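A short write-up of the structure that comes next.
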Amino acid sequence: QVQLVESGGGLVQAGGSLRLSCAASGGTFSSYAVGWFRQAPGKEREFVAAVSWSVDMAYHADSVKGRFTISRDNAKNTVYLRMNSLKPEDTAVYYCAAGPTFNTDPLRYHYWGQGTQVTVSS
């Protein structure tokens, strides 16, 4: 069982950058895939990016490709999401999640953090 805590959200202007962190406690990410999802008010939760721990592969949604980068630090048991060139449409609560398989479906992820708010102003 893994507990996840997100941090790093905040208010930035369009074009700015943030780095989100997802730290695990009560376990490690070594047997999981870890994904980032976001949800804006009135919108469905959508996939942002994911990284596999067993296989060193990553995938980013088309909407963020070239701007966001997911990465992991095994020693710190932490996953990051670096966000550059932020746009107002990136405004959402961002969640990290862990699951048994590398995928884009939120239903396939078992453990979830509480989320961190990212607000991008114009």
Side-chain angles (χ1 to χ4, degrees):
Q1 185 172 311
V2 177
Q3 295 171 290
L4 308 176
V5 179
E6 304 99 331
S7 62
L11 173 64
V12 298
Q13 291 187 316
S17 299
L18 286 172
R19 188 179 74 164
L20 307 184
S21 299
C22 176
S25 62
T28 71
F29 288 130
S30 62
S31 299
Y32 296 90
V34 180
W36 284 98
F37 295 80
R38 65 187 182 186
Q39 188 165 25
K43 300 291 186 179
E44 183 180 353
R45 187 167 298 188
E46 69 170 334
F47 171 80
V48 176
V51 63
S52 172
W53 218 264
S54 59
V55 180
D56 192 12
M57 297 288 291
Y59 178 78
H60 300 79
D62 288 343
S63 60
V64 305
K65 195 171 298 181
R67 299 188 298 120
F68 293 9
T69 303
I70 189 170
S71 62
R72 60 179 173 88
D73 187 325
N74 188 53
K76 297 180 179 179
N77 204 31
T78 299
V79 173
Y80 303 97
L81 183 70
R82 181 169 295 283
M83 306 183 293
N84 296 324
S85 302
L86 283 161
K87 305 174 181 179
E89 55 261 43
D90 295 318
T91 295
V93 177
Y94 283 70
Y95 300 89
C96 66
T101 59
F102 184 79
N103 66 88
T104 64
D105 185 354
L107 296 178
R108 301 289 298 277
Y109 288 82
H110 189 186
Y111 303 105
W112 291 83
Q114 293 301 303
T116 185
Q117 177 71 47
V118 172
T119 302
V120 184
S121 65
S122 60

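Given the structure is predicted, the values throughout are model-derived calculations rather than measurements.
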Exercise. So if you build clusters from Ile, Leu, Val, Met, Phe, Trp, Tyr with side-chain heavy-atom gaps below 4.5 Å, do Trp112 and Tyr32 land together?
Worked result: no

Exercise. What are the two closest heavy atoms between Leu4 and Ala97, and how far apart are they?
Worked result: CD1-CA, 3.7 Å

Exercise. Which residue pairs pass the side-chain hydrogen bond (donor to acceptor under 3.5 Å, both in side chains) test with at least one member in residues 86-100, sequence neighbours excluded?
Worked result: Arg38-Asp90, Arg38-Tyr94, Arg67-Asp90

For this session: Might you point out which heavy atoms bring His60 and Ala49 nearest each other, and give the distance in Å?
Result: CD2-CB, 3.7 Å

For this session: May I ask you to check whether Tyr59 and Phe47 place their ring centers less than 6.0 Å from one another?
Result: yes

Exercise. Thinking salt bridges, do Asp105 and Arg108 make one under a 4.0 Å N-O criterion?
Worked result: no

Seminar exercise, completed: Note: with side-chain heavy atoms under 4.5 Å as the link, the other cluster members for Leu11 come out as none

Exercise. What distance do Glu6 atom CD and Cys22 atom SG have between them, rounded to the nearest 0.5 Å?
Worked result: 5.5 Å

Problem set entry | Tyr109: ring pair (Phe, Tyr, Trp, His ring centres under 6.0 Å) partners, not counting sequence neighbours | Phe37

Result block: side-chain N/O donor-acceptor pairs under 3.5 angstrom for residues 78-86, not counting sequence neighbours:
unit_1, atom_1, unit_2, atom_2, d
Thr78, OG1, Lys76, O, 2.9
Asn84, OD1, Ser17, OG, 2.9

Exercise. If two hydrophobic side chains count as joined below 4.5 Å and joins carry through other members, does Val48 share a cluster with Tyr111?
Worked result: yes

Exercise. Taking a hydrophobic cluster as the set of Ile, Leu, Val, Met, Phe, Trp and Tyr residues connected by side-chain heavy atoms closer than 4.5 Å, whether directly or through intermediates, do Val51 and Leu18 fall within one such cluster?
Worked result: yes

Problem set entry | Leu107: hydrophobic cluster co-members (side-chain, 4.5 Å) | none

Problem set entry | Listed partners of Pro88 passing side chain to side chain contact (heavy atoms under 4.5 Å, CB included), at least two apart | Ala14, Val120, Ser122

For this session: Treating Ile, Leu, Val, Met, Phe, Trp and Tyr as nodes and any side-chain heavy-atom pair under 4.5 angstrom as an edge, say whether Val93 and Leu20 lie in one connected cluster.
Result: no

Exercise. Cationic tip of Arg19 within the cone over Trp36's six-membered ring, i.e. under 6.0 Å and within 45° of the normal?
Worked result: no

